[in-house]
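Notes follow the structure.
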Amino acid sequence: MVAKPKARAEPEQAPRRVGPARVGTGSVTSKHSRAPLSPLPATLEPELATLVSKPPAGDWLYEIKYDGYRMLARVDGPDVRILTRRGNDWTSRFPTLRAALMAAKLPVGWYDGEMVLLDGTGMPTFNGLQNAIESGANADIVFYLFDAPFLAGHDLRQVPVEERRRRLQEVLQETDRLRFSQEIEGKAADLLDSACRLGLEGVIGKRRGSPYVHRRSDDWIKLKCTQRQEFVIGGFTWPDDSRANGIGALLVGYVDEGRILQYAGKVGTGYTGKVSAALRQRLDAMSMPKRPFAGPTGHDTHATWVRPELVCEVVYSEWPEGGSLRHASFKGLREPDDKPAAEVAPERPAKARTRAVAPPGKLRITHGERVIDPSTGLTKLDLATYYAQVARWMLPYLAGRHAYVVRFPTGIEGERIFQQHPQGMAGLRGTDPALWRGHEPAIAFESAEDLVRAAQLDCIEIHTWNSTANAIKLPDRVIFDLDPGDGVTWARMRQAAELVRVMLQELGLASWLKTSGGKGLHIVVPLKPELEYPTVKSFSEAVATHLGQAVPQLFVAKSGGRNRMGRIFVDYLRNGQSQSTAEAYSARARPGMGVSMPITWDQLAEVRSGGHWTVSTAIAYLRSRKSDPWGGYWRNPQHLAPAMQRLRALI
DNA sequence: GGGAGAA
DNA sequence: TTCTCCCAACGCATC
DNA sequence: GATGCG
Ligand SMILES: [Mn+2]
Ligand SMILES: [Mn+2]
């Protein structure tokens, strides 16, 4: 035990929260309250605190909010490991701390705490810790322990937090490097006040009686003194004077709900010459030509852009809605492997957000964290999750249909592989080889799993034929792919789509509309599979040609050339044998990752581009819809022959 | 990224 | 089980 | 033959 006999009024009388199945035991919870024996898990996700703006009611215990890195120590006899909150092993970075943990002879367990660097005044500093980690000189690092979800062979996760802390304090021999994060007593409001006056970052509150859970929980809260948050660095400006090295200001942002990098403001102070130079060196190596932020920063002309991978900590006085950060000051870098840039979302005092990201089944996605669209930070896992979730809408359009996939093994900026056959790739389902002898099996999608497996193979786009396996030579649809040439406004695209619709109506054909996910629109006419490809294609060519002749200022029927400048190519070539078009709900490999979204004709007025919906936004939109935008599509396969008659008459 | 083949 | 090596992934229209 | 496009 520590020398001081702390007069810690144990909260024995604290009202326990009523647990569902704990009613009938009758016995007073003793020191050795029920805690199952348990082997020590290999990994542990820490409980995270929710940011709140004022102390809530209820029975809380408060601790100082230390300004450092959340760390976990896994102690299993001589096997001592130090892990970040994401489970990265940082043991080798903290040899002195490892030694301290070894020397402490702690029981087998998982220990949860915050690692900080104390400056001369005993105040923890984040910048200092950053420097210490990078230089390996971490003599002054202190590990404040505050919890022990596993201890001495027991699983304490269901044990109330105050009891876990009591047991932790019991086994912990405090040293200079290893300390117990004391409870601070007093009224919450006063505690926060005095913490702020002392220059601390804030206080942490924990609800008495609460268990240890592996997620952000509202049983743990943080109250902050200053506005302080992590941002992604997306660029920087040069210093005013002629200092060759260093940084004028950092341009920082955050990832919004749509996973788009939004600009937040510039950070002009807080780094000294040395830090600034080192930062500059690091950023230079990450430079890229394109602005990573979705919108303009106001400093675009003097900015050097960088890949949005570095995360920094910033304090600021104010962040007005729709405006940029005021008095922003740099506090240090976050290590990128500890918190990927894609996860840096604005954290505002609020109720804990519910994380409802359905993982794509139990199929394995390797390198799920890999960014496939640098403009948004969208990852491979995002893509796989998108396809897992969109499957219920997409699969009907894929059923029985030959598909092509477009793969991007290194993301949308890298090599593009247009793949027409499974070619022995186990992740791609092939059509029955017996079905069509002499032909290589085609790619088919029959389930959500097929879609997710394809995503694992970096298949971003899924294109399909106009016919299905049961009548592979007879198209069951005809498509008019409207491709805007350079300089075509969206208003003219709308106009063009309406004109095509009207022309088809005059031919007696009902049509359905979708965004392409890229720049254009797709107009689809479902057909009875009764005519062969060349017939259907020549019909579509005649329609395109007619449009080009009737409204030459808007339409062209020939691809290529610069005759497309300012006009819309009516791409009828999609209607040939073995040709393909991006299928409904397919993602597209373009910056922003649009998806091809079926819409009603009425919606056309509201849609702003072919990429109006994206991998990030489509699922929420689809869930919010009550009716199928393509209601009636499957119930209206149409005869083409009468339309061909009418078209001949028209010409 | 993953198959085949080797260790 | 884990490692290394090696290797594939279109057809059509247009210029 | 190269290039652009799904
Ligand atoms: Mn198109
Ligand atoms: Mn096209």
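A note on names: the letters A, B, ... follow the listed sequences, proteins ahead of strands, and every chain is numbered from 1.
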If only side-chain N and O atoms of [X] are considered, is one of them under 4.0 Å from the OP1 or OP2 phosphate oxygen of [N]?
{"X": "A:Lys558", "N": "C:dC15", "answer": "no"}
{"X": "A:His367", "N": "B:dG1", "answer": "yes"}
{"X": "A:Gln423", "N": "B:dG3", "answer": "no"}
{"X": "A:Arg453", "N": "B:dG1", "answer": "no"}
{"X": "A:Ser578", "N": "C:dC10", "answer": "no"}
{"X": "A:Lys537", "N": "C:dC12", "answer": "no"}

On the 0 to 90° scale, with breaks at 30° and 60°, tag the [X]-[Y] ring pair as parallel, tilted or perpendicular.
{"X": "A:Phe418", "Y": "A:His463", "result": "perpendicular"}
{"X": "A:Tyr397", "Y": "A:Tyr585", "result": "tilted"}
{"X": "A:Trp630", "Y": "A:Tyr633", "result": "parallel"}
{"X": "A:Trp465", "Y": "A:Tyr404", "result": "perpendicular"}

Between [options], spot the one nearest the side chain of [X], thanks.
{"X": "A:Gln420", "options": "C:dC10, C:dA13, B:dG1", "answer": "C:dC10"}
{"X": "A:Gln579", "options": "C:dA9, D:dG6, C:dC12", "answer": "C:dC12"}
{"X": "A:Leu457", "options": "B:dG2, D:dG6, C:dT14", "answer": "B:dG2"}
{"X": "A:Ser559", "options": "B:dG1, D:dG6, C:dT14", "answer": "C:dT14"}

Just how far, in rounded Å, is [atom2] of [N] from [atom1] of [X]?
{"X": "A:Asp483", "N": "C:dT14", "atom1": "CG", "atom2": "P", "result": "14 Å"}
{"X": "A:Tyr533", "N": "C:dG11", "atom1": "OH", "atom2": "P", "result": "15 Å"}
{"X": "A:Arg407", "N": "C:dC7", "atom1": "CZ", "atom2": "P", "result": "16 Å"}
{"X": "A:Asp571", "N": "C:dA13", "atom1": "CG", "atom2": "P", "result": "11 Å"}
{"X": "A:Leu573", "N": "D:dC5", "atom1": "CG", "atom2": "P", "result": "12 Å"}
{"X": "A:Gln577", "N": "C:dC10", "atom1": "CD", "atom2": "C1'", "result": "14 Å"}
{"X": "A:Leu428", "N": "C:dC10", "atom1": "CG", "atom2": "P", "result": "11 Å"}
{"X": "A:Asn575", "N": "C:dA13", "atom1": "CG", "atom2": "C1'", "result": "15 Å"}

Please give the distance between the C1' atoms of B:dG3 and C:dA9 as a whole number of Å.
14 Å
Separation between the C1' atoms of B:dG1 and C:dG11, rounded to whole Å
25 Å
So what does A:Glu461 hit on the nucleic acid, given a heavy-atom distance under 4.0 Å: a base, only sugar-phosphate, or nothing?
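Contact class for A:Glu461: none.
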Scan A:Arg416 against the nucleic acid and name what it touches under 4.0 Å (heavy atoms): base, sugar-phosphate only, or nothing.
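Touches a base.
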So does A:Arg608 have more than 12 non-hydrogen atoms from other groups sitting under 6.0 Å from CZ?
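No, the 6.0 Å shell around CZ holds no more than 12 heavy atoms from other groups.
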State whether the aromatic ring of A:Phe418 stacks on the base of D:dG6, taking stacking to mean ring centres under 5.5 Å apart and ring planes under 30° to each other.
yes
Applying side-chain hydrogen bond (donor to acceptor under 3.5 Å, both in side chains) to A:Ser467 and A:Tyr533, what does each step give before you reach the verdict?
CA-CA 9 Å; A:Ser467 55; A:Tyr533 270 101; 2.6 Å; yes
